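Working notes for the structure below.
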Amino acid sequence: MKKILSMDKNEILKKFSSEPDRYYKVKLFEEQGFVRKACSKCGKFFWTLDSERELCPDDGTDTYSFIGEPPTTKRFDYTQAWKQVEEFFVKNNHTSVNRYPVVCRWRDDLYFTIASIVDFQRVMGSKVVFEFPANPLVVPQTCLRFKDLENVGVTGRHFSSFCMIGQHSIPNSQGYWKDECVDLDFRLLTEQFGIKKEEVVFVEDVWAGGGSFGSSLEYFVRGLELGNAVFTEFQGELGNHTTLDQKIIDMGAGLERFAWITTGTPTAYDCCFGPITNHLMNKIGIDSDSEMLRNYFTTIAKNLEIYDDLIKVRKQTIKTTGLTEDQISRIITPLEGIYLIADHLRTLIFAITDGALPSNVGGGYNLRMMLRRINGTVDRMNLKLDIDELVDMHIDYLKDTYPELESKRQDVKTILKLESQRYVESKSRMSKMASKLKEKGRAPSVDELITLYESDGITPEYLKETEVISEIPSSFYVKLSDLHQSDKKKAMEQLSLENIAETDMLFYKDDPMEFDAKVLKVFEKGIVLDRTSFYARGGGQEPDHGSIAGFKVINVNKHGGIILHELEGGIPAEGDTVSCKVDVTRRANITKNHTSTHILNSSAREVLGSWVWQHSAFKEDDHARLDITHHSSLTDSQVADIEKAANKIIAKNMSVTIENYDRGTAEQKYGFKIYQGGVVPVKSVRIVSIEDFDVEACGGTHVKKTKDIELIKITKTKRIQDGVVRLEFVSGPTAQQYVKQQGILQTKNKEDSAQKEIKEKLREENKQKAREKIPILLEQVLAGKSVETDGITVNGKLCFTANEDYDDYFHQNFGKKLVAADDTVAYCGIFEAGPTIRIMIYAGEKSGVNAGSIAKEIAAILGGSGGGDDKFAQGGGKDTSKKDEAIAKAKSMILG
Ligand SMILES: [Zn+2]
Ligand SMILES: [Zn+2]
């Protein structure tokens, strides 16, 4: 698949480059006198003002020569560089838009935002459309990418998250196309950043994806690709393509690189994390401002173009730069660790701020992995680090550009602390497992690795570190993410619904509970009406019941815009006009449960923390559940607090309002927290607000005032998977009933336990009395009369008892003393001890009784085991139903 795509890409490039005037030549090139050249080494076409230049930026001799010698007169670090970019584009009529969340709530095929253009992509049915809040615009979009984690900290330029400067335009009366785009990018570099015109090289390339394609111009300065302007222009396949109705400019540039080129530090990490890198370097006594490091990282950059394998790149670099073992272990390795810590922590701050949680599943997997890598590095380097202090430094540095980080400062610290504790707790267990695996002498398979990670929390990174495996199999991540794909949608029943008009959904209008409708179509088990008030199953809300033409409605489902009613008992005929009645009580209960879900969700967030999002929900007539994202099981007091907060909202009798918005407007107005119930695949979204307490995009039915709900009771909570907690609850009359039942149950429990106490006390008293009776009983039995005394059957010198008042203390003392006094005596007692029935036998030497064989046989009857010798034995079992049988058998065995 991938191969075909890249072949396509090469073909498109060949085609476009054969007509450079049409696809690549922009006004700027003409005005400034750019010349078009083919690289003498790789053949790629590029545009330059330097007529002497023979090589493309990748192959050029000036590659990474900005390290130590930046081509600009001004120096800008990360946050300053953004101010420059923003100032330039705003000056040139762009709207500067705030970044979108890194957790991609508006697409269900992406966990994280991976490019600035993703901000504006919305799914409509099966198509992706673009929705821009302004045109043209620029955005500092934080993007998360976990593909090259092993490069982070080592190469000098790979990050787990970076800021993509997104410059986007739709060519119309407000926006522009290629000429102006390239002109702007060129002026950004030369005018705003003061880079000499001759330093800028544009390379011809193409972009293809999602059924569309277009030409692109990558721009480089001294071998460093700063940005790539993609002109999405066509759809279809090359040769069989049409021009898009909506052409789009997707220029993405790396802010980290803009800072790097103006500062010329050895790595991009040195100028992008504010004071953190220096702070960490001071801790271990390294100075990054050294010729040795500039040389080392310049060579790394060059070698990255030559070798595929990172280990080889590093080895070769050490060789050419002539570094000693001591320099590597004292400077390079610790530096790599510092860079990794700073990078991973910044990514975690963005992700947790936007509501993601480290876990074993889905996107949370990457976050946990990164924190484990930080923890592992800190351990290995033996660093004494205060993570809270580093979080503060990151946020203090970034908050000018990203003020939203400030409000989540404490939440980020809470989550990181909790996760680090979990790491410490699991460490010794992990090392034991690792050495066990090593003993096996066989590397675990990918499936085994997944089991190890999922059930024991052992990351493949850790196993690589401990040399259990030499490499992490590339299929590991693919398989794991496949496993955690959201539930596949059930295949829809095949019904021929073509040529049926869409159902008029009255539940979104005046919602009459009784109405007449026309039967449009009849299937074996269901019918389609022209209009209906029966709410169809959707958004976790169960369907309405009721009757149509006197037949029971048992299920209602939506198929696109058509609603199918399943009936029981009979079916009306096509063309009939039928009278329909919705079960009002059921609807009211479900509705209360639905509004309650919204209230509980926001209440849980208020009580627990900003990371709480709805994971999923289910609303039935008499019960409902809400699954939320949270890191731990809930304590009783947390549950009580959530319930209290929810009922406070009911008591306040807040208004619940429903309004329809254009999707873009809703997102801008309320933010992405409206997508609690998941992605909304339509242009117009239905916003349900409980005043300013909770605002969600939702298609369900809701009460008008919160007091209509009466009461919310959480009946049970459970951690159903890593990072997800389930709240089961009831509301309305069901909640009132629940409370009543709980009251009755409580009283009954109290009564039961009081009675049990009395019984227990009586038993204790009886046991005590029995113990006191031992001396008298001894006398009576040793007298040798065949009688029944106090529940003990005596036959000559053989005694048996199953009296309940005798406990093991009694049997031991009585039996022992009997046998000691007369060696012709045998004694057997059966009694209850907790859940088991036990037997104890004492046999005098001359009694003719074998204690051991009796114990064994009786225990077997009771489903247990027994043991001992001829003189003393005991045993028992838990099968209380065999008690009588055991007693009868024991009695006959001992008394003969
Ligand atoms: Zn080349
Ligand atoms: Zn809802």
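One-based numbering along the sequence shown. Remember, it's a predicted structure, so these values are computed and weren't measured experimentally. Counting convention: from 1, in listed order, for ligands and their atoms alike.
Centred on the Zn ion (ligand 1), the SG atom of Cys56 and the SG atom of Cys42 lie at an angle of 110°, reported to 10°. One finds an angle of 110° at the Zn ion (ligand 2) between NE2 on His598 and SG on Cys698, to the nearest 10 degrees.
In Asp59, the N, O or S atom that comes nearest to the Zn ion (ligand 1) is OD2.
Nearest heavy atom pair, residue Gln638 against residue Val607, reads O-CG1, 4.2 Å. Smallest separation of non-hydrogen atoms from Ile714 and Glu643: N-OE1, 2.8 Å.
With Glu620 as the partner, the salt bridge (charged side-chain N to carboxylate O under 4.0 Å, His left out) test is satisfied by one option alone out of Arg537, Arg625, Arg586: Arg586.
Taking 2.8 Å as the threshold, His702 does not count as a candidate ligand of the Zn ion (ligand 2), since none of its N, O or S atoms lies below it.
Side-chain contact check for Val688 versus Val656: some heavy-atom pair is nearer than 4.5 Å.
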